[in-house]
Structures are given as structure tokens and as C-alpha cells.
Amino acid sequence: MTQRLTLRRPDDWHLHLRDGAMLEGVLPETARHFARAIVMPNLVPPVVTGDDARAYRDRILAALPDGMDFTPLMTLYLTETTDPADVRAAHADGLVTAVKLYPAGATTNSASGVRDLGRVRGVLETMAEIGLPLCIHGEVTTPEVDIFDREQVFLETVLDPLRRDLPDLKVTLEHITTSHGIDYVADAPGDIAGTITTHHLMINRNHMLVGGIRPHYYCLPVAKRSTHQLALRRAATSGNPRFFLGTDSAPHVDAAKETACGCAGVFSATNTLSCLAHVFEEEDALDRLEGFASLHGPARYGLAPNTATITLEKRGTPVPVPAKIETGAGPVTVFDPGHPLHWHVIA
Ligand code: OTD
Ligand code: ZN
Ligand code: ZN
């Protein structure tokens, strides 16, 4: 008997689309399967003001191929000079869905991020008042802290104190990679949620480092040991509405990944749904995929789930995933889960 799975059309609650030729190349990969995505603001220069977000949204819509239906949900990049009044106006205009906090230096293009949270307190107070969520890259950047511990230390030294200080602030802890992050989001009081990427469900640090270094698995936060990967899989497949999909699909051209100092980022937009169906089937939780990919995210952001659907079918033949997609900026390698995928998106 053929196995089929029909879901509400999914959304991606954490996505990097870039700009220019790269944007044109990667946008169809997401729009083919996803109805909406929260678009990260870490361009160079970053998307800081409401005007920046409007202009970027217009560039995304202009790059969308005819016949594709996709809504970008815009974010503002929080800086120490962000004006609370501009954030308030962008929210009132329906222009932005969230504000993004990058600790300075935490990841790709985060140099203009926040060094001192005290300097953005006015913005955060405004956000708590108007109900605008803060999406957080949850890693400390203190040089002394080991890169594998940066998420755990962030929870204790930054996130928990911040949430005690501003209990009404809605927070999304992005791309959780540790059991500590999972436990925090599952148990903490107040309005908190967390996104989990496709690749962190499928790889741990051994995949990246054993038998040769695999630059296309290098991303931030870096993949942790397998016990953490298993905690992510349990959370994603638990049905807990605090957890939902944010792929963090982050394209870089191969030349920037396959080099002595390679960029961080995994590009998974092309095959994410086939990967997720694989993981959820392995965890005997196919019935929970719709919650993770299509229902919990809209509920958290106060939006209706999509009415359109998407159908996957399990076939004996593998899904023909291209090794790379060609973009005007250069080739971009697609996430390789390390084995064939059999869940085809058929409609
Ligand atoms: N992680 N790469 C990028 C962003 C993310 O932390 C992230 O959200 C990127 O290239 O923009 C990455 O590894
Ligand atoms: Zn991040
Ligand atoms: Zn990201």
C-alpha cells in the first residue's frame, strides 16, 4: 500500500534568503513548498529600520517567479541604536513579524549585533508592550566560552535574566541545538517558544568531523553530540506546541564553504520536507509532522494556519535531490542527510 501524508502547507519560521542573485536563486527552493517564512535580516548592511524591511520585502516579492505563492514575514535586526518608535511603527503597519537579537559576533554578518542588552532595553520594553516577539540567536560570544557550551551558557547568563526582567516579552529561542535549550523552552514559565532546524535533527558533530571535515555540515550554532541531537528529535516529535520548524536554511556559494576558513551555514530549503518526513517516520511520529511544520508556528505568531495543503508520498525510488543548485552568485550545495530520502512531495 502506498503511504501518503497530506499536511496543511508548512511555513518556515527561520530562513535566510540573502539578496540579489543569491535571493533569485534560492527563493524558489523555499516557495515551492512553503507558504510563508520569517526572513532573517542579516544582510550586509543589515535590515535595521522599518524602511529597510519594506524595501527588502519588495525585493523578495520582485524576485518571486510568476505563479508562486509565498509571503515573506519580515524581521528587524536589533542594534544598540534601534529606535523604539520605528519598531512600534513597523509593527503597527503590519510590516514586521519579529525583531531579531544577534549577540555581536555570534554568527554570519552579526557584527552590528548587540553587545550590551541594557542599551536596547527601551526597544524590548516597547516590544513587550505591543506583543512583538523577539527571535534570539542564543549563544554567548565570550571568547573564553567553548563553542560547544555557548548555548547553555547563554540560557543561564543572558536569556533567563532577560526574561525575569521583562516577563511579558515574547521570546523565540532560535535553532536550539542542546538538551539544555530544549529543557529551558519546555519548562520555562511565560511566553516562550523554540525553533529547531532540519539539519540539527539529522546530524550531530560526528557527522561533521569523523572521517574528514565536512564543511557543508558546519553551521552555527555548531552541531553538538548525539545525546543533544536525540533531545531535539524527541522535542520536535513530541507534539509540544512550543517547538516548531525553523530550517535556518543559510546558503553560501561553495567557494565560500570549501576553503581554509569556511562560512557557517547549511542550505536545506530544497529537501527539507523529505528530510522531516524521514525523521518523523523514524521516530514513529508522522502524525505529528503537521503540528511541527504547519500548525505550532502560526499559533505562536497569532496567524491562521495555511488552508492549502501539501502531499508527500513514500516511494521505493529515492527523491532526486540535486547535489547543488545553480544560482547567479555561484553553485550552492544542498544539505546531504547521508542517505537516500523516499518521501516525495507530489502536490
Ligand atoms: N547560522 N549561518 C548563518 C546564520 C545562521 O545563526 C544563524 O542563524 C548565515 O549564513 O546567515 C549559520 O550557520
Ligand atoms: Zn542564529
Ligand atoms: Zn539563521
Side-chain angles (χ1 to χ4, degrees), residues 12-20 22-23 25-26 29-30 34 37-47 56 72-78 97-114 133-141 147-148 150-151 154-155 158-159 171-178 181 185 193-200 202-203 205 207-208 213-224 232 244-259 261-269 272 297 327 329-330 332-335:
D12 185 350
W13 300 94
H14 180 139
L15 175 67
H16 298 268
L17 285 175
R18 316 300 192 201
D19 215 342
M22 181 66 93
L23 166 64
V26 300
E29 302 299 301
T30 287
F34 290 88
I38 285 200
V39 182
M40 288 295 127
N42 63 332
L43 305 181
V44 190
V47 178
Y56 185 32
L73 303 174
M74 307 310 292
T75 55
L76 299 179
Y77 186 119
L78 183 60
T97 301
V99 172
K100 175 76 191 215
L101 168 65
Y102 289 101
T107 188
T108 309
N109 304 334
S110 61
S112 17
V114 174
L134 180 68
C135 292
I136 299 186
H137 181 110
E139 288 191 291
V140 294
T141 53
I147 190 165
F148 290 101
R150 289 180 171 195
E151 182 172 294
F154 185 89
L155 302 172
V158 184
L159 184 59
V171 168
T172 306
L173 181 64
E174 306 258 50
H175 46 47
I176 302 171
T177 57
T178 62
V185 169
T195 60
I196 302 176
T197 76
T198 307
H199 51 283
H200 288 114
M202 299 192 90
I203 62 164
R205 63 195 192 182
H207 296 90
M208 179 174 63
I213 186 159
R214 290 180 176 69
H216 296 289
Y217 289 159
Y218 174 63
C219 64
L220 293 170
V222 70
K224 309 296 191 296
L232 301 179
F244 48 86
L245 175 66
T247 66
D248 200 10
S249 181
H252 293 275
V253 294
D254 285 350
K257 297 280 300 172
E258 299 168 5
T259 177
C261 184
C263 291
V266 169
F267 176 68
S268 65
T272 273
T327 77
V332 175
T333 291
V334 176
F335 173 59

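Counting starts at 1 for both ligands and their atoms, in listed order. Not measured: the values here are computed from a predicted model.
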Enquirer: Got an N/O contact under 3.5 Å between Tyr218 and ligand 1?
Expert: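 For ligand 1, there is no N or O atom that lies under 3.5 Å from one belonging to Tyr218.
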Enquirer: For ligand 1 and Cys219, I'd like to know whether there is a polar contact (N/O to N/O, distance under 3.5 Å).
Expert: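 Between Cys219 and ligand 1 (N or O atoms, distance only) the closest approach is not under 3.5 Å.
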Enquirer: Output the list of atoms in ligand 1 that are nearer than 4.0 Å to some heavy atom of Ala250, sorted by atom number.
Expert: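 With Ala250 as reference, the close atoms of ligand 1 come out as 2 (N), 3 (C), 9 (C), 10 (O).
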Enquirer: Just to verify, what does Thr141 make a side chain to side chain contact (heavy atoms under 4.5 Å, CB included) with, not counting sequence neighbours?
Expert: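 For Thr141, the residues satisfying side chain to side chain contact (heavy atoms under 4.5 Å, CB included) (neighbours in sequence not counted) are Pro103, Ala106.
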Enquirer: Considering residues at least two apart in sequence or located in another chain, which fulfil the side chain to side chain contact (heavy atoms under 4.5 Å, CB included) criterion with Asn42?
Expert: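 By the side chain to side chain contact (heavy atoms under 4.5 Å, CB included) rule, Asn42 matches His16, Arg18, Met40, Tyr77, Tyr102, Thr108, Asn109.
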Enquirer: Tell me the nearest of Asn42, Val266, Leu220 to atom 12 (C) of ligand 1, using heavy-atom distances.
Expert: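 Considering heavy atoms of Asn42, Val266, Leu220, the nearest to atom 12 (C) of ligand 1 sits in Leu220.
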Enquirer: Could you tell me whether a side-chain N or O of Lys224 sits under 3.5 Å from a main-chain N or O of Val222, the two making a donor and an acceptor?
Expert: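 Checked: pair present.
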Enquirer: Just by distance, do the side chain of Ser110 and the backbone of Gly113 share a donor-acceptor pair under 3.5 Å?
Expert: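 Checked: no pair found.
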Enquirer: Would you check the N or O atoms of Thr107, main chain and side chain alike, for any that come under 3.5 Å of an N or O of ligand 1?
Expert: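 It does: an N or O of Thr107 is found under 3.5 Å from an N or O of ligand 1.
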Enquirer: With a 4.5 Å cut-off on side-chain heavy atoms, are Leu15 and Asp248 touching?
Expert: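 Counting from C-beta outward, Asp248 and Leu15 never come under 4.5 Å.
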Enquirer: For the Zn ion (ligand 2), what is the number of protein N, O or S atoms at a distance under 2.8 Å?
Expert: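 Excluding waters, the total comes to 2.
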Enquirer: Would the distance check show the side chain of Lys257 and the main-chain N or O of Tyr218 forming a donor-acceptor pair, the cut-off being under 3.5 Å?
Expert: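 Yes: the side chain of Lys257 pairs with the backbone of Tyr218.
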Enquirer: His175 heavy atoms, cut-off 4.0 Å: which ligand 1 atoms fall inside?
Expert: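 Near His175, the atoms of ligand 1 are 6 (O), 7 (C), 8 (O).
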Enquirer: Within the side chain of Ser249, is there an N or O that forms a donor-acceptor pair under 3.5 Å with the backbone of Ala269?
Expert: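 Yes, because the side chain of Ser249 sits within donor-acceptor range (under 3.5 Å) of the backbone of Ala269.
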Enquirer: Which is the closest N/O/S atom of His16 when seen from the Zn ion (ligand 3)?
Expert: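 Answer by atom name: NE2.
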Enquirer: With heavy atoms under 4.0 Å as the rule, classify the contact between His137 and ligand 1 as side chain, backbone, both or neither.
Expert: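 The answer is the side chain.
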Enquirer: Hey, does Arg18 sit under 4.0 Å from ligand 1 if you only count heavy atoms?
Expert: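 The answer is yes: ligand 1 sits under 4.0 Å from a heavy atom of Arg18.
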Enquirer: Please list, in number order, the atoms of ligand 1 under 4.0 Å from a heavy atom of His252.
Expert: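 In order of number, 9 (C), 10 (O).
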Enquirer: Heavy-atom contacts with Gly265 under 4.0 Å: which atoms of ligand 1 show up? List them by number with element.
Expert: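 By the 4.0 Å cutoff, the relevant atoms are 2 (N), 12 (C), 13 (O).
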Enquirer: Please write down residue, atom name and distance for the protein heavy atom closest to atom 4 (C) of ligand 1.
Expert: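 Answer for atom 4 (C) of ligand 1: His16 NE2, 3.4 Å.
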Enquirer: Are any of the N or O atoms of Asp248 closer than 3.5 Å to those of ligand 1?
Expert: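 Yes: some nitrogen or oxygen of Asp248 is under 3.5 Å from one in ligand 1.
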Enquirer: Identify the closest protein heavy atom to atom 2 (N) of ligand 1: which residue and atom is it, and at what distance?
Expert: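 Going atom by atom, the protein heavy atom closest to atom 2 (N) of ligand 1 ends up being Ala264 O, 2.9 Å.
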Enquirer: Judged by atom type as modelled, is there a donor-acceptor pair below 3.5 Å linking the side chain of Glu151 to the main-chain atoms of Thr178?
Expert: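 Yes, Glu151 side chain to Thr178 backbone: donor-acceptor pair under 3.5 Å.
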Enquirer: Determine whether a donor-acceptor pair (N or O, by modelled atom type, separation under 3.5 Å) exists between the side chain of His199 and the backbone of Ser268.
Expert: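 Flag not set: sc His199 to bb Ser268 has no pair under 3.5 Å.
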Enquirer: Could you work out, with side chain to side chain contact (heavy atoms under 4.5 Å, CB included) as the rule, every residue matching Val140, not counting sequence neighbours?
Expert: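 Expected list: Thr142, Val145, Arg150, Val153, Phe154, Thr157, Val158.
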Enquirer: Looking only at protein heavy atoms, which one is nearest to atom 3 (C) of ligand 1, and what is the separation?
Expert: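 Result: Thr108 OG1, 3.6 Å.
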Enquirer: Give the atom numbers and elements of ligand 1 that come within less than 4.0 Å of a heavy atom of His14.
Expert: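 Within the 4.0 Å cut-off of His14, ligand 1 contributes 8 (O).
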Enquirer: Given side chain to side chain donor-acceptor pair (under 3.5 Å), test Thr247 with Thr272 step by step and report yes or no.
Expert: CA-CA 8 Å; Thr247 66; Thr272 273; 5.1 Å; no
Enquirer: Check whether any side-chain heavy atom of Met208 sits under 4.5 Å from a side-chain heavy atom of Cys219, and report yes or no.
Expert: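 No, their side chains stay 4.5 Å or more apart.
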Enquirer: Return the orientation label for the His175 and His14 ring planes: parallel under 30°, perpendicular over 60°, tilted otherwise.
Expert: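 His175 vs His14 ring planes: tilted.
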Enquirer: Working to the nearest 0.5 Å, report the span between OG1 of Thr259 and CG of Asp254.
Expert: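 So the OG1 of Thr259 and the CG of Asp254 are separated by 11.5 Å.
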